[in-house]
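We name chains A, B, ... by the order of the sequence lines, and we start the count at 1 in each one.
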2 protein chains.
Amino acid sequence: MIAFDHHSSPAPEELPSLLEGLRMTKQRREVLSVILAERDHPTANDVFTRSKERMPTISLATVYNCLEALVSHKLVKQVNFERESSRYCPNLSDHCHFQDEKTGTIHDVVFKKGVKLEDFLELPQGTEISHLELSLKGRIGY
Amino acid sequence: MIAFDHHSSPAPEELPSLLEGLRMTKQRREVLSVILAERDHPTANDVFTRSKERMPTISLATVYNCLEALVSHKLVKQVNFERESSRYCPNLSDHCHFQDEKTGTIHDVVFKKGVKLEDFLELPQGTEISHLELSLKGRIGY
DNA sequence: ATCCCGAATTAGAATAATTCCAATTTCCGC
DNA sequence: GCGGAAATTGGAATTATTCTAATTCGGGAT
């Protein structure tokens, strides 16, 4: 459709390394599968609602716990727009997010092939970036 | 010191246009002066504390109101790091933020001269970006 | 298979940042 | 100086998230 929305889930062969040290409980599997099922960047509460359909006993606290476990094991990315509630994203490729102001929809936006931070930022040498989050808002040419 | 921390406040001649339609009450002036006084990216609560020294009757709600007025009139920028509380920044130049994980200190980081979004992002044509926020975390080569 | 123990889950309470509300107060234009 | 719209105020309300303490789960050792 549009150039947004390239998508990449973990290649099957790299899953084991990501799972290292993460006990894959049924709640975590459920939460992960909810996030993998659609790529619409659900909030914790969205995930909670969807998870309950197949696992009615799951609690919101558990959803938060699972999300934090999945994020810290890099199976899922956490996405923030200003002070809105966090959203979760199954696309593990290096990318950032664009929120359509008209609809609220969030689209993945990929970096151009090969660009490095130093190409567009005046970063003092020796700076090690451990985390980067780029969030855009605007309108699409409909 | 380091290449971070370029700083630019509004040029005196463009202030009038920014102030257009903004009633500069004494509370707003106080809040603005607190933010201008240091470039340490204070939170709303920091601003509240500092403002109270010279204006003991100011309320937290007013600080929030003033901040929102100043931000929407582009006299101040709002800075977000994940879900931390918002911080406020007097640097109006196009820039982004780096948080030193060791100290928590936030540094301004400028974009390389002349870079455009399309240079490093795969943006579908026709996309109009109205807001961009890039937040970095990491360590400085001390 | 059973026992043990640390880890995960749960419900609900607690916290923190921010926003809302309704009652003044301020202050600009007449 | 007066009227009215906008701003300020204190406190209550809201919202997302985290914490707590009790319970349950599940994998490894026996």
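A salt bridge does not link A:D94 with A:K113: none of the charged nitrogens is closer than 4.0 Å to a carboxylate oxygen. The existence of a salt bridge linking A:R83 and B:E68 is excluded, since no basic side-chain nitrogen approaches an acidic carboxylate oxygen closer than 4.0 Å.
Look at CD on A:E68: it is 8 Å from P on D:dT18, rounded to the nearest Å. We find that CG of B:L60 is positioned 9 Å from P of C:dT18, with the value rounded to whole Å. Rounded to an integer number of Å, the gap from NE2 of A:H73 to C1' of C:dA7 is 13 Å. If you take CE of B:M24 and C1' of D:dT8, they are 15 Å apart, rounded to a whole angstrom. Regarding B:Q27, its CD atom lies at a distance of 5 Å from the P atom of D:dT8, rounded to whole Å. Atoms CZ (B:R87) and P (C:dA17) sit 10 Å apart, rounded to a whole Å. Between A:F48 atom CZ and D:dT15 atom C1' there is a gap of 15 Å when expressed in whole angstrom units. Whole-Å rounding puts the A:E84 CD to D:dA16 C1' distance at 12 Å.
For A:E82 and B:H131, the side-chain atoms include at least one donor-acceptor pair closer than 3.5 Å. Side-chain atoms of B:H97 and B:D108 include a donor-acceptor pair closer than 3.5 Å. When only modelled atom types and interatomic distance are considered, B:T62 and B:Q27 share no side-chain donor-acceptor pair under 3.5 Å.
Residues A:N80 and B:C66 each lie close to DNA chain D; by heavy-atom proximity, the contact nearer the 5' end of the strand is made by B:C66. Annotation: of the two residues near DNA chain C, B:Q78 and A:R28, the 5′-most nearest-nucleotide partner is A:R28.
Rounded to the nearest 0.5 angstrom, A:S72 OG and A:L22 CG are separated by 7.5 Å. Taking NZ of A:K52 as the reference point, atom CD of A:E30 lies at 12.5 Å (rounded to 0.5 Å).
Counting heavy atoms from C-beta on, the side chains of A:L121 and B:F111 come closer than 4.5 Å. Within the 4.5 Å cutoff, side-chain heavy atoms of B:E101 are placed close to those of A:S130.
When distances run from any side-chain atom of B:Y64 to the nucleotides C:dT19, C:dT10, D:dT18, the shortest one goes to C:dT19.
Under 4.0 angstrom from either OP1 or OP2 of C:dA17 there lies no side-chain N or O belonging to A:R83.
For the helix from C:dA1-D:dT30 to C:dC30-D:dG1, the end axes, each set by the C1' atoms of five terminal pairs, are bent relative to each other by 30° (nearest 10°).
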Please tabulate the protein-to-nucleotide N/O contacts below 3.5 Å involving nucleotides 20-29 of chain D, giving atom names and distances.
none

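Looking at heavy-atom distances under 4.0 Å, A:T57 makes contact with sugar-phosphate atoms alone, never a base. Across all strands, A:T62 comes closer than 4.0 Å to base atoms (heavy-atom distances). Counting any heavy atom pair closer than 4.0 Å across all strands shown, B:T43 reaches no nucleic acid atom.
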Test salt bridge (Lys or Arg N to Asp or Glu O under 4.0 Å) applied to A:E128 and B:R139, step by step: CA-CA 5 Å; A:E128 279 193 33; B:R139 319 205 147 223; over 6 Å; no
